[in-house]
Amino acid sequence: MALVIYNTLTKRKEPFKPLETGKVGVYVCGVTAYDKSHLGHARSAINFDVVVRYLRSKGYSVNHITNFTDVDDKLIARAHELRMDPLDLSKQMIDEYFSVMDELKIRRANAYPKASETITDIIEMVKGLVDKGIAYESGGSVYFIVGKVEDYGKLSGQSLDQMITGTRKEPGEDKRDPMDFALWKAAKPGEISWDSPWGRGRPGWHIECSAMCLKHLGKTIDIHGGGTDLIFPHHENEILQSEAYNCAPFVKYWMHNGMLTIDKEKMSKSMKNFFLVREVLKEYTPQTIRFFILNASYRQPLDYAEQSLEDAEKALDKLQNSYEGLLADAERATGDDDAAGISEGYLTAFEKKMDDDFNTREAIAVMYDLAREANRMKGRDRLSRDGVKNIISVFDKFNDIFDVLTEPKTTKVVKGGIDIPDTVETDELLLKSSALTDDEVDRLLQSRAEARDSKDFARADFIRQELARRGIEIQDTPEGAVWKRK
RNA sequence: GCCGGGGUGACAGAGAGGCCAUGUGGCGGACUGCAGAUCCGCAGACAGGAGUUCAAAUCUCCUUCCCGGCCCCA
């Protein structure tokens with residue numbers, strides 16, 4: 001089995017072969033830290049989290065770098081509005097970013113370089129480009145000469161001629177050609193700036209990624225990721241700068257995640273149609289959000305709707321139930337099938353789907369098949385303890401990458417009709433206002449079982465209802481009532 | 001205008017030449033005091049039109065509609 005990755009550069013799925021055997025350098029464009037993250041940012045983070053986790057599960061040593069843009073027009077403007085130091089604002093937003101992304105179980109990257117901390121490397125690179133004659137200084141700014149590149153537009157398919165004729169460009173500050181873009185911007189009065197050979201100034205947007213890639217991952221990197229909205233011009237320009245400076249191919253595999261949309265329109269700050277991750281987390285669990293994102297192809301747009309999250313919640317429950325059922329059976333199954341072949345088969349099927357350009361949707365479909373198979377065997381008491389454990393190990397492998405299943409809070413089975421509980425005491429328990437202990441729940445359930453045995457269903461239902469009010473969910477099974485805390 | 005990506009059953013969303021997607025929902029059945037969970041079965045689809053092929057949701061062409069990018073953006 002071999003992993004294939006869809007490469008935006010070639011518009012094809014290609015077998016994945018890192019430059020250096022066993023090692024993978026991954027750079028994913030991060031956010032501009034001027035505001036709180038919305039669900040679109042979370043989508044990108046979750047998608048690439050899974051990419052990195054899967055690569056690691058295949059034994060690759062992954063060096064994952066994600067940047068923060070903390071020097072930028074919008075950020076400066078926002079800081080000015082709030083009368084804050086721009087770096088304090090970005091610091092605050094970065095803390096906020098980590099806070100929500102940690103909740104979403106995003107594994108931390110190996111490093112999170114910031115533009116403000118990469119200035120020396122950026123200046124070095126800009127200087128190099130000027131020396132090579134592919135960039136020029138003008139009015140304290142430095143611009144990249146797009147016209148000097150002969151294979152322009154290899155990532156986005158844009159052609160220079162088209163763009164020149166197709167778009168009218170502002171004459172531009174000090175640009176010689178409207179197509180040229182800024183590597184270094186001269187500081188305006190009062191703006192955050194650094195000393196450079198061209199006077200006080202700050203980096204342009206695209207150059208930071210080029211500098212960071214070189215610094216952390218080398219001249220050529222294996223995987224560069226980001227949203228499809230960054231393909232042009234951001235990633236196109238990164239290619240120009242890096243390849244001109246390094247004289248080496250910049251990126252082997254370009255991966256782009258599709259946009260999160262609302263009513264088919266891109267979620268974005270400027271459209272004001274966004275949902276903050278923090279807000280969504282109040283309504284749905286991290287697992288539900290991850291499942292919603294991963295239950296779709298990372299390359300396509302995905303439409304956000306309350307209903308979709310509700311659906312994801314329900315759909316995920318099915319896997320969670322199956323998983324919990326297996327965990328509960330791990331020490332008490334009595335069948336004789338060790339399910340070795342079945343487990344192996346599903347694991348292989350799962351990996352095969354993931355190997356196909358991280359097809360999480362199909363991988364989930366495999367898990368549903370496994371869940372049904374497991375439920376069926378369990379229902380007929382066919383599985384041995386090893387069998388249960390073998391199947392659990394497939395779920396665990398899946399969960400190492402998807403991180404959507406949780407350990408059940410408590411799952412207990414209470415056999416009914418053994419002891420005659422003291423009814424008075426039971427009623428007291430039902431009136432108790434504080435949380436019930438496990439023992440108390442057990443006692444209530446025994447009382448309920450007693451009531452059921454004597455066909456006093458009104459009382460049985462009353463107890464169930466009272467438990468539900470306290471967040472305890474029960475299910476009757478042939479072995480007795482199973483309960484857990486919600 | 002140019003460059004991309006799409007239009008799949010009630011809904012969400014895979015698949016990319018022949019084989020079952022999957023989940024929710026619907027219908028029928030099993031289990032059950034009820035509920036829930038679970039299992040078995042059923043119905044229902046590939047925007048429209050031409051073409052290639054023994055075979056097309058999947059390839060080609062045309063039409064049409066939608067979305068993204070071309071200032072910032074995951």
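All values below come from the heavy atoms of this structure, side chains included, with hydrogens, waters and symmetry mates left out. Proteins get letters first, then strands, A, B, ... in listed order; numbering begins at 1 in each.
A salt bridge links A:Asp369 with A:Arg372: the distance from a Lys NZ or Arg NE/NH1/NH2 to an Asp or Glu carboxylate oxygen falls below 4.0 Å. Checked for salt-bridge contact, A:Asp357 and A:Arg299 meet the test: a charged N lies under 4.0 Å from a carboxylate O. Here A:Asp337 does not pair with A:Arg380 in a salt bridge; the nearest charged N to carboxylate O distance is not below 4.0 Å. With respect to the salt-bridge test (charged N to carboxylate O, under 4.0 angstrom), the residues A:Glu351 and A:Lys397 qualify.
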(Q) In dot-bracket form, 5' to 3', how is RNA chain B paired? Count Watson-Crick and G-U wobble pairs only if both distances fall under 3.5 Å, and write | where the partner sits on another strand. (A) (((((((..(((.....[...))).(((((.......)))))....(((((..]....))))))))))))....
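A straight line from CD of A:Glu236 to C1' of B:G4 spans 12 Å, rounded to a whole angstrom. For the pair A:Lys13 NZ and B:A14 P, the interatomic distance rounds to 12 Å; values are reported in whole Å. When the C1' atom of B:G5 is taken as reference, atom OH of A:Tyr298 falls 13 Å away, rounded to whole Å. Separating the CG atom of A:Leu309 from the P atom of B:G13 is a distance of 12 Å, rounded to the nearest angstrom. Remark: C1' of B:C72 and CE of A:Met259 are 13 Å apart, rounded to the nearest angstrom. Atom pair A:Phe291:CZ and B:U24:P shows a separation of 10 Å (rounding to whole Å applied). The nearest whole Å value for the distance from the OH atom in A:Tyr368 to the C1' atom in B:C20 is 17 Å.
Partners of A:Phe275 according to the ring-ring contact (aromatic ring centres under 6.0 Å, His included) rule, which considers only residues two or more places apart in sequence or in another chain, are A:Tyr304. In this view, A:Gln241 and A:Ser210 satisfy the side chain to side chain donor-acceptor pair (under 3.5 Å) rule, not counting sequence neighbours. Listed by chain and residue number, nothing satisfies the salt bridge (Lys or Arg N to Asp or Glu O under 4.0 Å) test with A:Asp336 (two or more places apart in sequence, or in another chain). Looking at residues two or more places apart in sequence or on another chain, you find no side chain to side chain donor-acceptor pair (under 3.5 Å) involving A:Thr360.
The side chain of A:Arg361 lies closest to B:A12, out of B:A12, B:G5, B:A74. The listed nucleotides are B:C67, B:A74, B:C72; the one nearest the side chain of A:Lys264 is B:C67. The side chain of A:Ala315 lies closest to B:G23, out of B:A74, B:G23, B:G5. Taking only side-chain atoms of A:Asn359, from C-beta outward, the nucleotide of B:U22, B:G15, B:C72 with the closest atom is B:G15.
When only modelled atom types and interatomic distance are considered, A:His256 and A:Thr8 share a side-chain donor-acceptor pair under 3.5 Å.
Note on A:Asp73: nothing from the nucleic acid sits closer than 4.0 angstrom, heavy atoms only. When heavy atoms are screened at a 4.0 angstrom cut-off, A:Gly30 is found touching the sugar-phosphate backbone but no base atom. A:Leu230 comes within 4.0 angstrom of sugar-phosphate atoms only, judged by non-hydrogen atoms across all strands, and of no base. Residue-level contact check: A:Ser270 touches neither bases nor backbone, having no heavy atom under 4.0 Å from any strand. Residue A:Leu302 is classed as a sugar-phosphate contact, given heavy-atom separations below 4.0 Å to backbone atoms only. No engagement by A:Met367 is indicated, since no non-hydrogen atom pair under 4.0 Å with the nucleic acid exists. Within 4.0 Å (heavy atoms only), A:Ser308 reaches no atom of the nucleic acid at all. Within 4.0 Å (heavy atoms only), A:Lys314 reaches sugar-phosphate atoms of the nucleic acid but no base atom. A:His38 comes within contact range of at least one nucleobase, with a heavy-atom separation under 4.0 Å. Residue A:Gln300 is in sugar-phosphate contact alone, with no base atom involved, counting any heavy-atom pair closer than 4.0 Å across all strands shown.
Checked by distance alone, A:Lys74 brings a side-chain donor or acceptor within 3.5 Å of a matching partner on the base of B:C72.
Annotation: B:U60 and B:G6 have their P atoms spaced 12 Å apart (nearest Å). Distance noted for atom C1' between B:C20 and B:C59: 24 Å (whole Å). Comparing the P positions of B:U38 and B:U53 gives a spacing of 49 Å, expressed to the nearest Å. Nucleotides B:A56 and B:G41 are separated by 29 Å at their P atoms, to the nearest Å. Atom name P, nucleotides B:C11 and B:C62: the rounded distance is 30 Å, in whole Å. Across B:A30 and B:A37, the matching C1' atoms stand 14 Å from one another, rounded to whole Å. Only the C1' atoms considered, B:A74 is 37 Å distant from B:G44, to the nearest whole Å. The same atom, P, is picked in B:G29 and in B:G48; the two are 35 Å apart, to the nearest Å.
Applying the 4.0 Å criterion to OP1 and OP2 of B:A74, one finds that A:Thr32 has a side-chain N or O inside that range. Phosphate proximity of B:G23 to A:Asn295: absent, as no side-chain N or O sits under 4.0 Å from OP1 or OP2.
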Which atoms of nucleotides 38-41 of chain B (N or O only) lie under 3.5 Å from a protein N or O atom, and what are those distances?
| unit_1 | atom_1 | unit_2 | atom_2 | d |
| --- | --- | --- | --- | --- |
| B:U38 | O3' | A:Asn375 | ND2 | 3.2 |
| B:C39 | OP1 | A:Asn375 | ND2 | 3.3 |
| B:C40 | OP1 | A:Arg376 | NE | 2.9 |
| B:C40 | OP1 | A:Arg376 | NH2 | 2.4 |

Atom pairs under 3.5 Å: protein N/O with N/O of nucleotides 31-35 of chain B:
| unit_1 | atom_1 | unit_2 | atom_2 | d |
| --- | --- | --- | --- | --- |
| B:G33 | N7 | A:Arg452 | NH2 | 3.4 |
| B:G33 | O6 | A:Arg452 | NE | 3.2 |
| B:G33 | N1 | A:Asp461 | OD1 | 3.0 |
| B:G33 | N2 | A:Asp461 | OD2 | 2.7 |
| B:C34 | O2 | A:Arg464 | NH2 | 2.5 |
| B:C34 | N3 | A:Arg464 | NH1 | 3.0 |
| B:C34 | N4 | A:Asp476 | OD2 | 2.9 |
| B:A35 | N1 | A:Asp476 | N | 3.3 |
| B:A35 | N3 | A:Arg464 | NH1 | 3.1 |

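Among pairs with a residue in residues 37-50 of chain A, those fulfilling salt bridge (Lys or Arg N to Asp or Glu O under 4.0 Å) read A:Asp49-A:Arg53, A:Asp49-A:Arg290, at least two apart in sequence or across chains. Applying the salt bridge (Lys or Arg N to Asp or Glu O under 4.0 Å) test to residues at least two apart or on different chains, the pairs with a partner in residues 26-36 of chain A are A:Asp35-A:Arg78, A:Asp35-A:Lys269. Pairs engaging residues 96-106 of chain A under the side-chain hydrogen bond (donor to acceptor under 3.5 Å, both in side chains) rule: A:Glu96-A:Arg278, A:Ser99-A:Arg278, A:Asp102-A:Arg108 [sequence neighbours left out]. Every pair passing salt bridge (Lys or Arg N to Asp or Glu O under 4.0 Å) that includes a residue from residues 3-15 of chain A is listed here, sequence neighbours excluded: A:Lys13-A:Asp356.
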Could you list the donor-acceptor pairs under 3.5 angstrom formed by side chains in residues 149-156 of chain A, with sequence neighbours left out?
| unit_1 | atom_1 | unit_2 | atom_2 | d |
| --- | --- | --- | --- | --- |
| A:Asp151 | OD2 | A:Lys154 | NZ | 3.0 |
| A:Lys154 | NZ | A:Glu243 | OE1 | 2.8 |
| A:Ser156 | OG | A:Gln158 | N | 3.4 |
| A:Ser156 | OG | A:Glu236 | OE1 | 2.6 |

